[in-house]
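Working notes, structure below.
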Amino acid sequence: MDMNDVEEDSQYGVQTIPVKYGRRNASIWTMAFTIIMSTFSLLSPRSSSKRQIGLAMVGSLVMLYRSLRIVFTKGENKDIVDRAIEEGKITVLLLLASFV
């Protein structure tokens, strides 16, 4: 997520999604892609064990929750965005582990 340094990106002419379309639209896109990623991780064709489904569900739910909080704050709350980024690292590992 590139919402915390919008001012610096703008100053240096870096055209990130938040700079070009605004934080609100970037947060909506974040939520949309999180929903797509969660759907694919839960519905991917594989012989799913309870462990795999559990890991995918936990990772997806945490990411969806954090994305929803970002949407509600329109990407303006730096602490919420920072926490989503940090927890996102862990949830990506959970989602990857669900494919093993």
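All values reported here derive from a predicted model rather than from experimental measurement.
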Side-chain contact, heavy-atom cut-off 4.5 Å: [X] with [Y]?
| X | Y | result |
| --- | --- | --- |
| Leu64 | Leu68 | no |
| Ile70 | Val81 | yes |
| Gln15 | Lys20 | yes |
| Ile17 | Asn25 | no |

Quick check for you: to the nearest 0.5 Å, what is the distance between [X] atom [atom1] and [Y] atom [atom2]?
| X | Y | atom1 | atom2 | result |
| --- | --- | --- | --- | --- |
| Arg24 | Trp29 | CZ | CH2 | 13.5 Å |
| Ile80 | Thr73 | CD1 | OG1 | 4.5 Å |
| Leu61 | Ser38 | CG | OG | 7.5 Å |

Minimum heavy-atom distance between [X] and [Y], given as atom pair plus value:
| X | Y | result |
| --- | --- | --- |
| Asp9 | Val19 | CB-CG2, 3.5 Å |
| Met63 | Thr91 | CG-OG1, 3.0 Å |
| Ser27 | Val71 | O-CG2, 3.3 Å |

**Prompt:** Can you get from Ile28 to Tyr21 by hopping between Ile, Leu, Val, Met, Phe, Trp and Tyr side chains that sit under 4.5 Å apart?
**Reply:** no
**Heavy atoms from other residues, nucleotides or ligands near CE of Met37 exceed 12 (cutoff 6.0 Å)** = yes
**Request:** Apply salt bridge (Lys or Arg N to Asp or Glu O under 4.0 Å) to the pair Asp79 and Arg83, showing each step before the final yes or no.
**Result:** CA-CA 6 Å; Asp79 293 331; Arg83 186 158 180 181; over 6 Å; no
**Message:** Between Arg23 and Glu7, is the salt bridge (Lys or Arg N to Asp or Glu O under 4.0 Å) condition met? List the steps.
**Reply:** CA-CA 11 Å; Arg23 288 182 180 179; Glu7 292 78 19; 3.2 Å; yes
